[in-house]
Amino acid sequence: MFSRAGLFAVVRSCRAVSLPSRIVTRLLPLQTPTSSTLLRGQTRSYARGYRKNKSLLKKQKNGKPRELTFTIPDYISVDKLSNLMNCRVQDLIKDLGALGFKNITNDYILNKEYVELILQEYNYDLPDSTSAITSANVYDELKDPLNPSLLISRPPIVTIMGHVDHGKTTIIDYLRKSSVVAQEHGGITQHIGAFQVTTPVSKKKITFLDTPGHAAFLKMRERGANITDIIVLVVSIEDSIMPQTKEAIKHIKHSGNQLIVAITKIDKIGNAKEREKKIEKVTNDLMANEIMVEKMGGDVQVIPISAKSGENMDLLEESIVLLSDMMDIKTEDSKNTMAEGYIIESKMKNTMGNVATILIRKGSLNNQSILLCGNTYCKVRSILGDGDKRITKALPAQAVEVAGWKELPHVGDEFIQVKSESVAKKYITKREALLEVEANAERVNKLNDDRYAEAVKQKDEKNKSKFDEDEDEDMSESQAITGPKMVNFIVKSDVSGSAEAIKESIQNLGNDEVQCGVISSSVGIPTESDMKMADITGAEILCFNLENLPNDVINNKHHIPVKKFNVIYKLIEDVVSTLEGNMKKIFEKNIVATVDIKEIFEFTVKKKVIKIAGCKVSNGQITRNSKVQVVRGENKDVVYEGTLASIKHGKDDISTALKGRECGITFNDGFEAYKAGDKILVYEDVEVPRHL
């Protein structure tokens, strides 16, 4: 959102160069002025005795701004604004239309920014405005300005990115001498892993972020790219560039960070010439995706490695250290420096309560420090380093797990250290008030749209007959019925990052018939509130990485489906299957038997003539409850579709007639318009599998 001064400058500059109104519209929010015509030379007529305003052109010529005698409210209707400005509401609506506002009525609600724009056009003397404070920047005033004298070198933060199963975590395992990959479900990373390692050769510290490679974790990879210094792009020598590799390249370009490419799994190709050929192919694919490698005159290092055998791992390590030394990465750290950083993961632990993995970008963190993040804060009770070891102090570029949060912070949010809990609570209250204002702005826009739609509807109702009204209602009802069916889910996960990734992955699944709806996504075991919401909305509960669910959750009294998953792609497959199961069923006819009508017999029973088709089963078998079609001619025109009334052999009723058997057949619905030479096709309705 522009500040008021910036908004005016944009509008005036656009008008000055006669830009089309559609361009001006794109620069402003919805419901903004779209016309490039200023109110120049316009005069107004007023009721007798009503104070007359001078034209805008005259006001601009005499250069005497009008004094503002009232306080500009956050929101005001056009009618009430006209009273404050002491002008006729009809004239104000006309002027707003000339300014480009659309769908204006007396009760149209204007926000403060638009009111200031209107008042400036009326030549009011407005007070100087400062940059707008929003929920996104309200905590900026708590940050201390940079003090160059306190800058010290810090370890680089390195994010490892790439396609799923290209060996990202194996690199971390080699450097940490651990086995993280063995603990991962399905062999794929499903959280952001944050580790600080001391490199084996240079003995320098590097903080690594291992981002998931699965397509569902796009948001996690994007966060990893935005909070890092150096990115190691992992590309398998076997697969080369894959979909998530391309997506990672997009994030890398957007972040502007330094890049090193690691070609992994070279141990799988023993032949030196074949290996060189594969490496050359990967290099060419990188160039095709605008990664300028050193071999081709660029500045991106490409290092073939094997984390399994350790081949060239020392070269990768030294390349990262050398690049970080060239970047001269520094941060501010002193006794009085307030810590700042980002939330990497957040979850709820049974023994510790709400905990969050944080990455410190500035300052150091001690026990009992107060951290402010989003709408929650933390009085640090404990700090866990690598291997869940308790530490008393966390240094810059270190990733640690912090306990003591009042509520779970949102993953990716920035945190800042403050002096006391009272300061944290004060700013949380301030931010919540700003969020409420922003929510009100959305509600006001919706209210304006609803009011305009209601006004149009009332106008249409006056001009239409009762028949037209009924027809419109029927059309509306049919449109409502033919809309996509919502299939609802509630997502519960072990960490907030996974809950977010799952929501992002499934909420847009669907088509014109069915649509996935995510009622909520949160951390922890399903609560009674989740159960009630699922019961009301008919939702399934999807539990991801939640072990040992209570029996009263799995076998709940509401009979709500509760499903457990440890691998995200299996969860997504199950959601797709559920959506497909809710699509409209389509059946196709599978012909299982053919019967030829040879002759037509007529019998008189109690003065009533009854026709019987003399038939012979040419293939398959026909039964009393068979579904049949009677077809005629070469084109097989259907003359009847239904069921049989009886099957006779001689005078006996039979239930089944097999291939080669002769029988007499009558049809339901009184159908007797068959002829000799017609064929009876016996069919079954077979359901056709539906796919999104």
Side-chain angles (χ1 to χ4, degrees), residues 151 153-163 166-168 170-172 174-175 197 199-211 213 221-266 275-307 310-331 359 361 396-397:
L151 290 177
S153 296
R154 66 162 174 81
I157 300 171
V158 180
T159 294
I160 302 181
M161 304 181 73
H163 191 76
H166 273 199
K168 299 179 296 300
T170 310
I171 295 174
I172 296 289
Y174 179 88
L175 295 172
V197 302
T199 55
V201 179
S202 62
K203 304 302 179 185
K204 291 191 176 182
K205 290 184 177 180
I206 302 176
T207 298
F208 283 98
L209 299 182
D210 178 18
T211 63
R221 288 190 293 279
E222 191 173 7
R223 276 197 299 274
N226 291 338
I227 64 178
T228 194
D229 303 311
I230 300 171
I231 296 174
V232 174
L233 178 63
V234 172
V235 182
S236 169
I237 194 171
E238 297 175 307
D239 300 332
S240 190
I241 304 297
M242 296 292 282
Q244 271 68 65
T245 316
K246 293 180 180 179
E247 180 215 292
I249 290 172
K250 182 182 71 174
H251 293 324
I252 292 164
K253 291 177 181 177
H254 182 73
S255 68
N257 291 315
Q258 296 294 324
L259 173 64
I260 295 174
V261 176
I263 301 178
T264 60
K265 302 185 179 182
I266 62 173
R275 179 187 294 185
E276 192 62 33
K277 187 178 178 180
K278 289 278 191 179
I279 292 173
E280 186 71 21
K281 180 184 182 302
V282 174
T283 302
N284 292 335
D285 289 345
L286 289 169
M287 291 292 293
N289 283 274
E290 301 179 358
I291 301 295
M292 309 308 294
V293 301
E294 281 184 337
K295 187 177 180 180
M296 302 294 184
D299 57 358
V300 177
Q301 301 176 70
V302 178
I303 305 168
I305 65 168
S306 170
E311 184 177 353
N312 289 343
M313 287 298 294
D314 55 342
L315 182 58
L316 175 63
E317 170 200 331
E318 290 306 318
S319 298
I320 294 172
V321 172
L322 178 61
L323 182 56
S324 65
D325 288 343
M326 292 174 60
M327 294 170 65
D328 192 23
I329 301 171
K330 291 186 176 182
T331 190
L359 179 65
R361 296 278 295 185

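This is a predicted model, so every value here is computed, not measured.
Counting heavy atoms from C-beta outward, Val235 and Val261 have side chains that approach closer than 4.5 Å. Using a 4.5 Å cut-off on side-chain heavy atoms (C-beta onward), Ile157 and Ile230 make no contact. When side chains are defined from C-beta on, Val232 does not count as touching Thr159, because their heavy atoms never get closer than 4.5 Å. Under the 4.5 Å side-chain criterion, counting only non-hydrogen atoms from C-beta, Val158 is not in contact with Asp229. Residues Ile171 and Ile305 have side chains in contact (heavy-atom distance under 4.5 Å, counting atoms from C-beta outward). The shortest side-chain heavy-atom distance between Ile237 and Ile279 falls under the 4.5 Å cut-off. A 4.5 Å side-chain heavy-atom check between Lys253 and Glu290 finds at least one atom pair inside the cut-off. Residues Arg154 and Lys330 fail the side-chain proximity criterion, which asks for heavy atoms closer than 4.5 Å.
The CD1 atom of Ile252 lies 9.5 Å from the OG1 atom of Thr245; values are rounded to the nearest 0.5 Å. Taking CE from Met313 and OG1 from Thr170, the interatomic distance works out to 9.5 Å, rounded to the nearest 0.5 Å. One finds the CD atom of Glu317 at 6.0 Å from the CD1 atom of Ile206 (value rounded to the nearest 0.5 Å). Between the CG atom in Leu286 and the CD1 atom in Ile249 there is a gap of 6.0 Å [rounded to 0.5 Å].
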* **Stepwise side chain to side chain contact (heavy atoms under 4.5 Å, CB included) check, Ile260 with Ile231** => CA-CA 6 Å; Ile260 295 174; Ile231 296 174; over 6 Å; no
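By the side chain to side chain donor-acceptor pair (under 3.5 Å) test, Lys204 is found to be paired with Asp325, residues two or more places apart in sequence or in another chain being considered. With sequence neighbours excluded, the residues satisfying salt bridge (charged side-chain N to carboxylate O under 4.0 Å, His left out) with Asp285 are Lys281. Taking the salt bridge (charged side-chain N to carboxylate O under 4.0 Å, His left out) definition, one finds that Glu311 meets it with Arg275, sequence neighbours left out. Judged as a side chain to side chain donor-acceptor pair (under 3.5 Å), and not counting sequence neighbours, Asn289 has no contacts. The side chain to side chain donor-acceptor pair (under 3.5 Å) test applied to Ser306 returns Asp267, Ser309, not counting sequence neighbours. Residues forming a side chain to side chain donor-acceptor pair (under 3.5 Å) with Thr283 (at least two apart in sequence, or on another chain): none. Annotation: salt bridge (charged side-chain N to carboxylate O under 4.0 Å, His left out) contacts of Lys277 (sequence neighbours excluded): none.
Considering all non-hydrogen atoms of both residues, Pro396 and Pro155 come closest at O-CD, 3.9 Å. Across every non-hydrogen atom of Leu233 and Ala248, the tightest pair is CD1-CB, 4.0 Å. Taking each heavy atom of Pro156 and Ile329 in turn, the nearest pair found is CB-CD1, 3.8 Å.
A donor-acceptor distance shorter than 3.5 angstrom exists from the side chain of Thr331 to the backbone of Arg361, with no hydrogens or angles considered.
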Without placing hydrogens or testing angles, list every side-chain donor-acceptor pair under 3.5 Å for residues 293-301, not counting sequence neighbours.
residue: Lys295; atom: NZ; partner: Glu280; partner atom: OE1; Å: 2.7
residue: Gln301; atom: OE1; partner: Ser319; partner atom: OG; Å: 3.2

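Residue pairs meeting the side chain to side chain donor-acceptor pair (under 3.5 Å) criterion with at least one partner in residues 230-239, sequence neighbours excluded, are His166-Asp239.
Ile303 pairs in a side-chain contact (heavy atoms from CB on, under 4.5 Å) with only one of the listed residues (Leu315, Ile320, Ile263), which is Leu315.
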